[in-house]
Each structure stands twice: as structure tokens, then as C-alpha cells.
Amino acid sequence: MVCTYHMPSVALTRVRRKALTLLPNQDFVTELLNQLNEPQRQAVTHTEGPVMIIAGAGAGKTRALTYRIAHLINKGADPFQILALTFTNKAAREMKERVMELIGHAEGRNVWMGTFHAVFAKILRIEGHHLGYPSNFTIYDTDDGKRLVKNIVNDLNLDAKTYPASFVLHRISSAKSNLFTPEDYLNNSEVRSNDQVAGKPMIGEIFKSYNARLKRADAMDFDDLLFNTNLLFRDFPEVLYKYQHKFNFILVDEYQDTNHAQYLILKKLAALHENICVVGDDAQSIYAFRGANIQNILNFKHDYPDHQLYRLEQNYRSTNVIVQASNKVIANNKDQIKKTIWTDKGEGELISLLRATSDNEEATLVVNSIFGYKMAKQLPNKHFVILYRTNAQSRTFEEALRKQNIAYRIYGGLSFYSRKEVKDILAYFRLVINHNDEEAFNRIINYPARGIGKTSIEKMIVLANDMNTSLWEIANTLGSLNSGLNRPTIARVEEFTTMIRSFAAQLATKDAYELAKHITSSVGLIKTLKEDDSPEGISRIENIEELLNAIKDFTEKEVDQDVEGIVAGPRQLNEFMSEVSLLTDADNDDPENTDYVSLMTIHAAKGLEFPYVYVVGLEENLFPSIQSLSARSDLEEERRLFYVAITRAEEKLTLSYAESRYRWGNLTMCEPSRFVEEIDPALIEKPRRAGFSSPAKSGQPHQAGNFVKLPSTPVTSPVQASPEDKLQLDNFEASDTVGLQNGMVVLHQKFGKGKVISVEGTGPNKKATVFFNGYGQKQLLLKFARLQILDE
DNA sequence: GATTGTGCCCTTTTT
DNA sequence: GGGCACAATC
């Protein structure tokens, strides 16, 4: 955990001003700088004034940042005065580790290093009272936000189909990222007419209510952390001055991904010293969908006319084949700053392209390829990563890896902290810490069941809305209100609030683990879960145990002293909770067992590198995604995403696609992605496919890159001959299985003889359900299955 | 009020 | 294929 929040009572004014004991060590500095190339060295040693570093993929961006921090401290800068902002916890942690390696643990840990959200949350816990927030405010995640929007849509008697929670929330998020208040939103005629045209005129009203409900719950969503920080610095100059003064040196990673709110905060913070160094690559901007604004790179040039620009164009990561392929791909984008990325790492292996008939076969092919390389070259699992566009694609690879007994780890997806049972327990902790947290209240008031039903809760919510107060307040004054609840129900609600209060009373006296354990056992959740002895039920209990273990680790862990003057002591539950809300699954690495194949979305892979990279699911409508095809800017973002994907590879890049894939339980036809065609064919090895053999079964995996090629399969590069290829396939289907009917006996190259159960769909989507002896029922796309009719 | 059953939407991507 | 909201039934 990088950015640790500590007790808010410890004010920043209790400064433990460190004497600058570390004298510049000339040998060390020289050695440090000798490890850099010329532009890197210039960027690192140019410490005063605004600096922008435009760095290509693999050009040593992180290295420049970490060395810069080390160099600053060596020159005598106080680590407490350095602020380094990243976009992911993982990036922040890695940077911190590298800085500590360079200059030692004692100094390195004092640098303020964390994600925008984590650092600003920390500041808001200390300063939020200026804006009317208590220091124990809750951070609502997307899930909480969606529930709240749903409730509001319901309360306003709006149609849930016209106002889907995720859509509304996205609009609200964009508005907040651009610093729109609900009032700004409602008064903006352009926005309003957009909503009007879209048939969703009430979004502004929902936004207004959403913000009011957040405030009432003493809660902020992710966007509020930025919005409110900006507000704080805008309206409270003395607070701004304090932090301007504190952060003498500001460093920002992945600057191309900053949104408008982040841009303005940075501008304000840096205004006093103007010692701001931003590092970015426009080609790797992949977060425009959540408000990132590449224009911020241009704004930087305008805001700081005397800035110095450094370009890092030498790629140290990848082979020439990979660098050339990525240059070619990104050249298709109109919007870009021209760069010439080069490497002297040597040509390297050609890019492999795997073509599979189905998503399952794609997974088998990829995993067999991994297995082959592992065996042939004796490589550890951690050299491999499988990258995909959407989280949903992980399943088939997971299964294939499990079959081959290869250790793997999935990043993202349904994260540990978003599992229902974990969220339930966390809701108890949240409510204990912040009684006004309504999402938590709603979640657990009747879970486990304590006889407080839906109608009772509805009545309380109506009361809360009428009196504009929190649910907690209503729950505590039910006896004196004309609530319409019956006496036994009121008694049960009172029992609940009394219990929560008794937990709260122990916040200060028990450490995080003791209290968490006490709450978990007192509320009877484990007991409820134990009644379910299915595998899922058992895994739920295990997850809760895992959560308690995590809290135990946290409690025992040494306090990271990155707030000045912090008093070490047993760590408490509210400290744990303030960290957990900004955590994602990727932040839970098990240090004991690190040798696994990684599976993650391309977004999650940004900033990482692996020797062997598999980019899978390269199909039109999946990658690029179907939503991106209507606007050029969206398509270009997808292309940048592809660029990010292929530039993760150090030695060997393998691309794959499937010709058919299950989506939403339906078999869909796929065409290879246009991105594959954008790579110079000379850089790609002839495509291979596994044909219809079943390699996983034999236990005899193929040698690296040596798949069975079936003579009957037309093997052509999709780059050169895909139309022709398709034509052949179409003809095949038309001539051979056009008259396929129920009850016919057919021959399949892999499954053998089978009987047709049903035929559905038309044209290229025509498919048959066939029962094969020994294989069972299969759904086959006629276009690919090449069924031979034996008998009628 | 709780439990079980049924239809409906879903899939971008993350802090 | 699966999770979740709503409906029907005890």
C-alpha cells in the first residue's frame, strides 16, 4: 500500500522538520547519472522549473522519474517536499520501491508518492472540514454509485430503462471530471439539449439528487476526490498555500491520462515554485473514455512557456521487430505527436499469429504455445502474460491453464473487494466508522435477516428524504416520529443501531484486527453463510477469512511514515478502511509465490513489461470494440490501446484471434481485427492453426511454435488473402451443408459421426446442434465445421 | 416478510 | 452463461 492515511487528528502542522543530514555524495551521483542516456540525464538533472518529458514506450520513463527523485534528494531536497503522482497503486508502489533501492528506505519512504486519488483523499481527510466533510467520510465505489443512482431513478418515478444506472453515472462522472456542479449542468443549455435529444432530460435532476445524497451520507465518489480537492484549493487560499509550500517538487507520471480536474489541481499546486515535471506519451493515452484529455500536454506548453521539453525515443524494452510493428500501427493515427522510436536490441523473433476456430481453441493454442516455450527454453511462468480487451475473456484461458497445470493469476475482473460477502462485511465496518453511510446502511440493515423488511426500509427512506437527513438519524428517532412502522419493527431497528454504536465505541480501544473479528462474529454473518455448504458457500467463508487475514497483516505491519509527525501505535479499523476503498485487486500480490502467468486487460497492463506477450481476441467488434467504430477518436483510442498492448513485449509477441466466439451465451462469427493487418506482413510469421486435433488431451504438448497444420485447411495470411479465404469457406458451406436437416447423420473431422438435432440461423451464422457419440451434444457453425452429410 | 422461481440485461476499459 | 431485479407463493 502506497499512500497511507493516518489519523486525521495528527495535523500536518505538527511538523517533524528533518535536518538535511544527507550530503550530496559525488560518487553516487556520478554513478547514478552514468546509468542514463543523454536525454534521460538532461531530464533528470534539470531540476528547477517546468519540465515535460515525452517518452515512447519502453524508453525508460519510470527510470527517469525515479532517478530524478533520487537526484533531487541527493542534491539536498527534503523527501517530504516531493510529490509524485501516478495513476495506479501498482505504479506508485513500484516507483517507491525503486526510489528506496536507490537512496535507502529511510529517505525514500518519506516521499509523498501515490495515485491522484489516494493523495487527494489523504489531503481531504485532513482539510475536508473546510468543505463540510468529516475526516471519516466514506469513499463510494462505482458499485455504490450505481445503487444510489438506481434508488434515485426509482424515487423520482423515472423509467429505469430510460435511465440505466451505468449510463447516468458515466454522465455524472464526465460532468464532475470537467468540474461541473449539478447547477452548472442544469444551467448549461448545450448539455441540456443533448440530454433532451437523447430522450433523457432528467439526468441533471438525477445528478443533483445524487450529489445531495452523497453529501448527506458524508460520502465522496472517485470523481469527488478530485472535484473537492480543486474546490478546496480554489476557495481556501490559505490551504492551497500550505500545500504549494509543502510540495516544492511535483512529478507526474502518465500525464497524458490526466483529466481537466487533475490538470487544474496540478496547475494550482505548482503555481508557487513551478517545479513541475510531467512525463507522458500521447501514443499511450487510453483513458479518454473517463475524461482524460490529451490537450493537457498542449496546455502545459502554454501554461509554462519557459518549460524545457525532453524526448526519450530509444526503446530499451523490445526487439526491433516489435518496435517496428508498433511504429507502423500507431502511424495510422492522425492525432499524434510524431516520434521516432528505435532500439538497438537486435531484430528478435518474428511476431506469431495464431488463428483458432473458436474461443476455446484460441485458449488451448495460446496455452500450448506458452507450455512449448516453457519447456523448450526452461522459462518461468512469470515471463508470460496474456492480454485481452475485456475482462470477460479471461475465463477460457483460465480453464486452459488449469488443464495444463500452469500457475496463473488474474488481475482485475471481479476483484476480491467487490465480492458480495466481502462487501457485506466491509459495509458493517463502513457503517461503524461513518453512521451516515447510506449505501452501507441499506446493505446490511436486514442482512443477515433481522425482520426489517423492504416496506419498512422504504418508509424510512421516504422519511429521510422528506426531512433531508440521513437514514441513521431516522433510525435513531423512529420512536418519536410518525413513521408508520409497527412497534416490534422499531424495536428491531433500535437493536441494530445500538449494536453498531457499541462497535463504534470500540474503534479507539481495539486494533483493526480485533475489532474486525469481533464485528464479524457478533453479527452472525459467518453463521448464515455456514448454512450453505455448497462449494460457493465454502469459498465465501474462505473469502471472509482472507479478508480478516489481510486486516491482521495490516494491523501488524509497520506504519509507513509518510505523514510527518505520525505517532506509531496499533493500527485501527478506520485506517484500514480508508486504504481499502482505493485499492484494487492488482494491489494484493502474494510475495511468497510470484511465479505465475499473468492474465489482465490491456488497460491494467499499462506500465508493465514481459518477455513473452500474448495479445488475444484480435477480432473486429471485440478489439476494436464495437462501441468504438462510430467515431474516429474512439477508434484511435483503441489503436493506442493496441499499441500499448504490443509494446509490453520484450522478446516475443504473439497475436491470436478466433473465428467464432461465445458472447452472451451465443455463438458469434468473428473477423480478424483490422489492427492485425496494420502490422507489416514481413514482421509476422506465417499463421498457424491447430486444425481439429485436440492437443491438450494427449499430455504431449507441442514443441514451441510447431502446431499441426491440416492439409485441408487453407492456410493463408489474413493480411494478404483474407477475402479469397472467406470465399472458399462460403462456397464450401453453400455446396455441402445447405440442405442440412434434423435427423441427418453427419461426419465431423474431430468428433466423428453424429446426428443432427436442430438447425438454426441463416447465411454465415447458420449453425447446427449435433449429438456425437463419445463427445455429446455440440453446437457447430456450418461455415467452419465442414460437416459431411452421410445419410438422410 | 422470506423464499423460490423467472425473465432480462449484460460487456468496454479504472480510480 | 450468469447475476440480479421483480413476481409469485408460502
Side-chain angles (χ1 to χ4, degrees), chain A residues 2-3 85-92 114-121 139-143 145-147 150-151 154 160-161 164-167 169-170 173 176-177 220-226 254 257-259 261-262 285-292 359 387-396 411-415 417-420 446-458 486 488-489 492 536 580-587 600-606 617 621-629 634 637-638 640-642 644-645 661-668:
Chain A
V2 180
C3 203
L85 294 168
T86 63
F87 274 81
T88 64
N89 291 305
K90 194 168 184 154
T115 64
F116 278 88
H117 291 87
V119 167
F120 296 153
I139 298 172
Y140 274 14
D141 65 14
T142 312
D143 201 54
K146 273 189 195 165
R147 280 166 198 267
K150 243 176 227 174
N151 287 338
N154 208 26
K161 286 196 181 103
S166 52
F167 177 87
L169 202 59
H170 184 249
S173 173
K176 287 191 185 182
S177 300
M220 298 191 199
D221 64 14
F222 292 136
D223 301 302
D224 284 335
L225 295 174
L226 307 178
E254 313 277 15
D257 287 332
T258 49
N259 64 26
Q262 287 162 329
S285 158
I286 54 174
Y287 283 107
F289 73 90
R290 74 168 200 216
D359 47 357
L387 301 177
Y388 35 77
R389 178 66 180 87
T390 66
N391 280 307
Q393 286 164 260
S394 67
R395 216 197 80 248
T396 53
Y411 289 83
L414 185 65
S415 91
Y417 291 106
S418 51
R419 285 171 209 274
K420 184 186 176 302
N446 197 34
Y447 184 79
R450 43 178 75 89
I452 305 165
K454 224 178 182 172
T455 31
S456 308
I457 299 170
E458 279 297 322
N486 58 35
T489 310
R492 287 193 286 261
E536 294 82 31
V580 107
S581 50
L582 291 168
L583 275 191
T584 53
D585 208 27
D587 303 318
M600 62 183 86
T601 64
I602 301 162
H603 283 89
K606 191 152 99 155
N621 298 340
L622 178 62
F623 191 18
S625 94
I626 194 157
Q627 291 93 336
S628 71
L629 297 179
D634 289 349
E637 176 147 318
E638 294 281 304
R640 291 193 296 268
L641 193 58
F642 184 57
V644 168
R661 166 180 306 278
Y662 274 96
R663 289 179 98 175
W664 314 290
N666 287 322
L667 196 60
T668 20

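By convention in this document, chain letters (A, B, ...) are assigned in the order of the sequence lines, proteins followed by strands, and residues within each chain are numbered from 1. The structure displayed is predicted, hence computed values, not measured ones.
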Undergrad: Can you list the residues that meet the ring pair (Phe, Tyr, Trp, His ring centres under 6.0 Å) rule with A/Phe87, with sequence neighbours excluded?
TA: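 Testing A/Phe87 for ring pair (Phe, Tyr, Trp, His ring centres under 6.0 Å), a comparison that skips the adjacent residues, returns A/Phe116.
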Undergrad: Given side chain to side chain contact (heavy atoms under 4.5 Å, CB included), test A/Phe222 with A/Thr142 step by step and report yes or no.
TA: CA-CA 8 Å; A/Phe222 292 136; A/Thr142 312; 4.0 Å; yes
Undergrad: Taking CZ from A/Phe222 and C1' from B/dT15, how many angstroms apart are they, rounded to a whole number?
TA: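 Going from CZ in A/Phe222 over to C1' in B/dT15 covers 5 Å.
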Undergrad: Which whole-number value in Å describes the distance from A/His603 NE2 to B/dT15 C1'?
TA: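 Taking NE2 of A/His603 and C1' of B/dT15, I get 13 Å after rounding.
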Undergrad: Measure from NZ on A/Lys606 to P on B/dT13 and round the result to the nearest Å.
TA: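 About 16 Å, once rounded to whole Å.
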Undergrad: In whole angstroms, how far is the P atom of B/dT15 from the CG atom of A/Asp224?
TA: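 After rounding, the gap between these two atoms is 18 Å.
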Undergrad: Do any N or O atoms of the protein come closer than 3.5 Å to N or O atoms of nucleotides 8-11 of chain B, and which pairs are they?
TA:
unit_1: B/dT11; atom_1: O3'; unit_2: A/Gln627; atom_2: NE2; d: 2.9

Undergrad: On the side chain of A/Thr142, is there an atom forming a donor-acceptor pair with the base of B/dT15 - under 3.5 Å, no angle test?
TA: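 Such a pair exists between side chain and base.
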Undergrad: What are the two closest heavy atoms between A/Thr489 and A/Gly451, and how far apart are they?
TA: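 For A/Thr489 versus A/Gly451, the nearest heavy atoms are CG2-O, 4.4 Å.
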Undergrad: So which one's nearest nucleotide on DNA chain B is more toward 5', A/Ala604 or A/Asn486?
TA: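 Residue closer to the 5' terminus by nearest nucleotide: A/Asn486.
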Undergrad: Of all residues at least two apart in sequence or in a different chain, which pass the salt bridge (charged side-chain N to carboxylate O under 4.0 Å, His left out) check with A/Arg661?
TA: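 Expected list: A/Glu362, A/Glu619.
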Undergrad: Check side chain to side chain contact (heavy atoms under 4.5 Å, CB included) between A/Thr601 and all other residues, then give those that pass, not counting sequence neighbours.
TA: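 Listed in chain order: A/Tyr388, A/Asn391, A/His603, A/Ala604.
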Undergrad: Nearest-Å distance, OH (A/Tyr287) to P (B/dT13)?
TA: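 So the two atoms are 11 Å apart, to the nearest Å.
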Undergrad: Measure CD1/A/Ile286 against P/B/dT13 and give the value in whole Å, please.
TA: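 Answer to the nearest Å: 12 Å.
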Undergrad: Round to a whole Å and report the spacing from CZ of A/Phe87 to P of B/dT15.
TA: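 Taking atom P of B/dT15 as the reference, CZ of A/Phe87 is at 11 Å.
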Undergrad: Mark yes or no for whether A/Arg640, through its side chain, and A/Ser285, through its backbone, hold a donor-acceptor pair below 3.5 Å.
TA: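 Side chain of A/Arg640 to backbone of A/Ser285, a donor-acceptor pair under 3.5 Å: yes, one is there.
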Undergrad: Return the polar atom pairs (N/O with N/O) between nucleotides 5-9 of chain C and the protein under 3.5 Å, or none.
TA:
none

Undergrad: Please compare A/Arg492 and A/His170 by the position of their nearest nucleotide in DNA chain B and report the one closer to 5'.
TA: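 Of the two residues, A/Arg492 wins.
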Undergrad: Just N and O in the side chain of A/Thr455: are any of them under 4.0 Å from OP1 or OP2 of B/dG1?
TA: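 Yes, A/Thr455 has a side-chain N/O under 4.0 Å of OP1/OP2 on B/dG1.
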Undergrad: Residues two or more places apart in sequence or in another chain: which of them pass side chain to side chain contact (heavy atoms under 4.5 Å, CB included) with A/Lys150?
TA: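 In terms of side chain to side chain contact (heavy atoms under 4.5 Å, CB included), with neighbours along the sequence ignored, A/Lys150 is linked to A/Ala165.
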Undergrad: With sequence neighbours excluded, what pairs up with A/Asp359 under the salt bridge (charged side-chain N to carboxylate O under 4.0 Å, His left out) test?
TA: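 Checked A/Asp359 against salt bridge (charged side-chain N to carboxylate O under 4.0 Å, His left out); zero matches.
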Undergrad: Just to verify, what does A/Arg663 make a salt bridge (charged side-chain N to carboxylate O under 4.0 Å, His left out) with, not counting sequence neighbours?
TA: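 A/Arg663 satisfies salt bridge (charged side-chain N to carboxylate O under 4.0 Å, His left out) with no residue once adjacent residues are dropped.
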Undergrad: What contact category does A/Asp223 fall into here, base, sugar-phosphate, or nothing, at under 4.0 angstrom with non-hydrogen atoms?
TA: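 Since no nucleic acid heavy atom lies under 4.0 Å of A/Asp223, the category is nothing.
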Undergrad: Taking the minimum atom-to-atom distance to the side chain of A/Asn446, which one of B/dG1, B/dA2, B/dT14 wins?
TA: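 Minimum distance to the A/Asn446 side chain belongs to B/dA2.
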Undergrad: If the condition is salt bridge (charged side-chain N to carboxylate O under 4.0 Å, His left out), which residues does A/Glu254 pass it with, not counting sequence neighbours?
TA: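 In terms of salt bridge (charged side-chain N to carboxylate O under 4.0 Å, His left out), with neighbours along the sequence ignored, A/Glu254 is linked to A/Lys61, A/Lys606.
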Undergrad: Starting at NZ of A/Lys420 and ending at C1' of C/dG2, how long is that distance when rounded to a whole Å?
TA: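 Nearest whole value for this atom pair: 16 Å.
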Undergrad: Would you please determine if the base of B/dT13 is stacked by A/Phe289, with stacking meaning a centroid separation under 5.5 angstrom and planes under 30 degrees?
TA: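 Per 5.5 Å and 30° rule: yes, stacked.
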Undergrad: Answer yes or no: does a side-chain N or O of A/Ser456 lie under 4.0 Å from OP1 or OP2 of B/dG1?
TA: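 So the side chain of A/Ser456 is within the cut-off, an N or O lying under 4.0 Å from OP1 or OP2 of B/dG1.
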